[in-house]
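Along the sequence shown, residues are numbered consecutively beginning with 1.
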Amino acid sequence: MDHQLEQLLPALSARPALCKSLLPGLLDCVANIAHALRKSHHVALAGTANAFGDDQLNVDVVAEDILRAALSRCPAVATVSSEEDPTERVVNSASAFADKSERYAVAFDPLDGSSIIGPNWTVGTIVGIWDGTSALRQSPADKMIAAVLGIYGPRTTAILAIRLPGSEPVCLEIAIGVRSESGQCCSTILRPAVAFAKAPFKTRYFAPANLRAAAECPSYMRLIAHFVENKYTLRYSGGLVPDLVHALVKGHGVYVSPVTATSTAKLRRLYELCPVALAMECAGGRAIDPDTGDDILARPLDSCDERAGLVCGTPDEVSLVRDFFLGAFGVSE
Ligand SMILES: *[C@@H]1O[C@H](CO)[C@@H](O)[C@H](O)[C@H]1NC(C)=O
């Protein structure tokens, strides 16, 4: 896998720890979490709540443990934080790692989609990798250098997006190997260049999250009517990762999760929005904050628990949605 990656992106040869240890380690985590999920016939509350007050499922805890254990084995990983424990904790002090040129902060949501895991719908893992020892008070557009989205459906796959300073971004789809009894698993690149298509589009897809908000947000209601009247195809499962990966795999789509006066922002910038925005941008898409219209990656994070809405996908469609909420078609509410 690391040879394939280096061939695709020569700049990775200057980052051996990322290429040979961290990224393969994260792909192994996706394989191991998939394996754990397949064995978990009982998806139950763990009896605890995470730091945000959300109920934790037993499978959330398993995924969290798999990722933390793997990350602590990568000496270049300086700090780790997650949606379940949203504080950047030091895992490897600088002295443990001789080569100071590679130090990473990793932030992840171990298992996104708790509300749809009971019926065994597709869920995912979201990971962001930042240059340096912290993701906070840095320019996300420059300092977040990679994102991994793990997808646990009938098949296990991952989207890997890498954007190193000074080199072209890449976005690839990876088939995660099935873990054999001996514990071995191998992953291979399914598609080396995942990219949004250019207009004209054969089929246009929309994913309207937080649809209830349309009842009190006229511009969202008008946007939904626009999608319906213009014969867009609805593709929405309620799982952030599978819903976005649908757009990446099909080459078209727009995901809309607005924030309104009565529905507060739910998506965490550090654990969800920044990594998915990087994946979107590396595939030639866009990801904006529907409140301001600015790119998700434009604004530094001040804390681990900032939240916002999301509009992302095909650039033309993102601009259209932005106009509905903020521009010419919008009305002040
Ligand atoms: C859940 O679905 C996957 C395929 O997506 C399947 O392999 C697994 O057996 C299912 N789990 C249960 C408990 O039915």
Stepwise side-chain contact (heavy atoms from CB on, under 4.5 Å) test for Met1 and Ile189: CA-CA 8 Å; Met1 186 75 213; Ile189 296 176; 3.6 Å; yes

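- Remark: Lys202 NZ to Thr233 OG1 distance equals 11.5 Å, nearest 0.5 Å.
- Note on Ile162 and Leu71: same hydrophobic cluster, where clusters join Ile, Leu, Val, Met, Phe, Trp and Tyr whose side-chain heavy atoms are under 4.5 Å apart, directly or indirectly.
- The distance from the CG atom of Asp294 to the CD1 atom of Ile296 is 9.5 Å, given to the nearest 0.5 Å.
- Between Ala147 and Leu278, the shortest heavy-atom distance links the atoms N-CD2, 3.7 Å.
- Atoms CG and CG, on Leu160 and Leu9 in that order, are 9.5 Å from each other to the nearest 0.5 Å.
- Without hydrogens or angle criteria, Arg103 side chain to Ala78 main chain gives no donor-acceptor distance under 3.5 Å.
- The shortest distance between side-chain heavy atoms of Leu136 and Cys304 falls below 4.5 Å.
- What you find for Phe324 and Ser219 is that their closest heavy atoms are O-CB, 3.4 Å.
- Side-chain atoms of Asn210 do not come within 3.5 Å of backbone N or O of Ser257 as any donor-acceptor pair.
- Looking at every heavy atom in both residues, Ile116 comes nearest to Ser237 through CG2-O, 4.0 Å.
- Taken together through direct or relayed side-chain contacts under 4.5 Å among Ile, Leu, Val, Met, Phe, Trp and Tyr, Leu27 and Leu37 form part of one hydrophobic cluster.
- Taking 4.5 Å as the limit, some side-chain heavy atom of Phe196 sits within range of a side-chain heavy atom of Leu248.
- Side chains of Cys171 and Ile159 form a contact here, defined as non-hydrogen atoms less than 4.5 Å apart.
- Of the possible donor and acceptor atoms, one in the side chain of Asp243 sits under 3.5 Å from a partner among the backbone N and O of Gly238.
- No donor-acceptor pair closer than 3.5 Å links the side chain of Arg163 to the backbone N or O of Glu281.
- Rounded to the nearest 0.5 Å, atoms CZ (Arg38) and NE2 (His35) are 10.5 Å apart.
- Of the possible donor and acceptor atoms, one in the side chain of Ser72 sits under 3.5 Å from a partner among the backbone N and O of Ala69.
- Remark: Arg204 CZ to Glu317 CD distance equals 6.0 Å, nearest 0.5 Å.
- We find that Arg15 and Asp131 are joined by a salt bridge, their nearest charged nitrogen and carboxylate oxygen being less than 4.0 Å apart.
- Side-chain N or O atoms of Thr157 include none that pairs as donor or acceptor with a backbone N or O of Ile174 at under 3.5 Å.
- At distances below 3.5 Å, not a single donor-acceptor pair connects side-chain atoms of Arg191 with backbone N or O atoms of Leu172.
- When side chains are defined from C-beta on, Pro275 does not count as touching Val148, because their heavy atoms never get closer than 4.5 Å.
- Here the CZ atom belonging to Arg212 is positioned 8.5 Å from the OG atom belonging to Ser263, to the nearest 0.5 angstrom.
- Here the closest heavy-atom approach between residue Gly150 and residue Val241 is recorded as O-CG1, 3.7 Å.
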Intermediate values then yes/no, side-chain contact (heavy atoms from CB on, under 4.5 Å), Asp85 and Glu64: CA-CA 9 Å; Asp85 180 15; Glu64 170 88 9; 4.2 Å; yes

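- Cluster annotation: Phe108 is not connected to Val90 through the hydrophobic network of ILVMFWY side chains, with a link wherever side-chain heavy atoms come within less than 4.5 Å.
- You'll find the side chain of Tyr152 stays beyond 4.5 Å of the side chain of Val59, heavy atoms only.
- Counting only heavy atoms from C-beta outward, the side chains of Pro218 and Arg222 approach each other to under 4.5 Å.
- Clustering ILVMFWY residues whenever any of their side-chain heavy atoms sit less than 4.5 angstrom apart, transitively, puts Met221 in a cluster other than the one holding Val311.
- Here the side chains of Thr125 and Cys29 are not in contact, with every heavy-atom distance at 4.5 Å or above.
- A distance-only check finds a donor-acceptor pair linking the side chain of Glu102 to the backbone of Ala17 [under 3.5 Å].
- Under the 30°/60° scheme for interplanar angles, the aromatic rings of Tyr205 and His252 are found to be tilted.
- Smallest separation of non-hydrogen atoms from Cys19 and Asp2: O-CB, 3.4 Å.
- Between the Glu306 side chain and the Ser303 main chain, a donor and an acceptor come within less than 3.5 Å of each other.
- Side-chain contact between Tyr271 and Asp112 is absent, with no heavy-atom pair separated by less than 4.5 Å.
- Hydrophobic clustering (side-chain heavy atoms under 4.5 Å, transitive across Ile, Leu, Val, Met, Phe, Trp, Tyr) groups Val249 together with Leu240.
- Residues Lys20 and Glu6 are paired through a salt bridge, judged by an N-O separation under 4.0 Å between the basic side chain and the carboxylate.
- For the residue pair Ser82 / Arg68, a side-chain donor-acceptor distance below 3.5 Å is found, with atom types taken as modelled.
- Residue Pro290 comes nearest to Pro258 through the heavy atom pair CG-CA, 4.1 Å, listed as atom of the first residue, atom of the second, then distance.
- The aromatic rings of Tyr232 and Phe206 lie perpendicular to each other, with more than 60° between the two planes, well past the 30° mark.
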Working for side-chain contact (heavy atoms from CB on, under 4.5 Å), residues Leu67 and Val106: CA-CA 10 Å; Leu67 280 155; Val106 180; over 6 Å; no

side-chain contact (heavy atoms from CB on, under 4.5 Å) assessment of Asp289 paired with Leu273: CA-CA 9 Å; Asp289 180 332; Leu273 295 178; over 6 Å; no

